[in-house]
Amino acid sequence: MSRFKRIDSIVEAVGNTPLVRLRSIERDHPGVKIYLKLEYVNPGGSVKDRPALQMMRDAIADGRLTKDKTLVDATSGNTGVAYSMFGACLGYKVALVMPSNVSQARKNITQAFGTELIYSDPMEGSDGAIRHVRELITKFPDKYFYSDQYSNPSNPGAHYLGTGREILEQVGDEITHFVAGLGTSGTMMGTTRRLREHSRKVLCVAAEPAEALHGLEGLKHMGSSIIPKIYDATLPDEIMPVPTESGWDMADRISRDEGLHVGHSTGANVWAATELAKRVKEGCIVTIACDRGDRYFAPMRWEKQYEW
Ligand SMILES: Cc1ncc(COP(=O)(O)O)c(C=O)c1O
């Protein structure tokens, strides 16, 4: 389907992302094809557009989200951008709970859509933001719809309905392996469930930061985090630990050698794919480009005018 169709609303631009072959990186692994699904082509610039839209649509459909309520969730990253964009487009109020030390750029992007920001303790990271939002909805149960991306089945549901289906349409029978990093685990859970319905076994591998304190934004070290309710540890065939340095170095290489400027979680996914490629003589590995590298540039001050 052409992405350059005429659309009535930005929500229609979500999904149907391209799958690109990593021809340069593949050269180190003769006999193995590696494909990257470019989720940054989604209108909010990340893989999180799919679950954010699905969670909103499902909640609107069954009356949990109404125009007199405010959608609230704990996120400083891509899900927050997606909620904010769709909230503005569909006419729903959005509030995000995030640690106060997240970058000014993150605050500016979401606020540009009219989103309310609520700050949690900077020392407690993303788990602190989750605890803060839980307190908030206990205090004001009628004010908010708590979307809760970590527990909401519509999150993996979006990847079951979209990402997994599209991958099968794009590579079909050729696929032997799928790799995705674990954040909320929605991408891994939903896509894997869809791929498991394929007639032949597709080996599904979860990439996880090797260290508790890591620099792979968007990914969670499960052993030291609040475990998402939607995460089923028995679903992946394998969990591959990825060192921060390996993810960062691979992200740099993907930019230089493939012409794709990606974020560090994408680097982690592709690094895990190359580790798999070393083990198999033949195969077709599909993984995910979660977002673009420019989301991680040092923030530029923006106050109506650019300050250089
Ligand atoms: C940049 C990035 N990479 C990876 C992920 C992980 O995706 P998921 O939450 O589906 O596990 C996220 C999720 O927030 C993300 O923002």
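All heavy atoms count here, side chains included; hydrogens, waters and symmetry mates do not. Numbering of ligands and ligand atoms starts at 1, following listing order.
With hydrogens and angles disregarded, no donor-acceptor distance shorter than 3.5 Å links the side chain of S151 to the backbone of K229. The main-chain N or O of K107 is found under 3.5 Å from a side-chain atom of T110 such that the two form a donor-acceptor pair.
Every residue two or more places apart in sequence or in another chain was checked for a salt bridge (Lys or Arg N to Asp or Glu O under 4.0 Å) with E258, and none qualifies. Every residue meeting the salt bridge (Lys or Arg N to Asp or Glu O under 4.0 Å) condition with E275, not counting sequence neighbours, appears here in chain and number order: K278. Every residue two or more places apart in sequence or in another chain that forms a salt bridge (Lys or Arg N to Asp or Glu O under 4.0 Å) with D62 is listed here: R64.
Residues of the protein with a heavy atom under 4.0 Å from ligand 1 are K48, N78, G181, L182, G183, T184, S185, G186, T187, E217, G218, L219, S265, C290, D291, Y296, listed by chain and number.
Atom OG1 of residue T191 and atom CZ of residue F178 lie 4.0 Å apart, to the nearest 0.5 angstrom.
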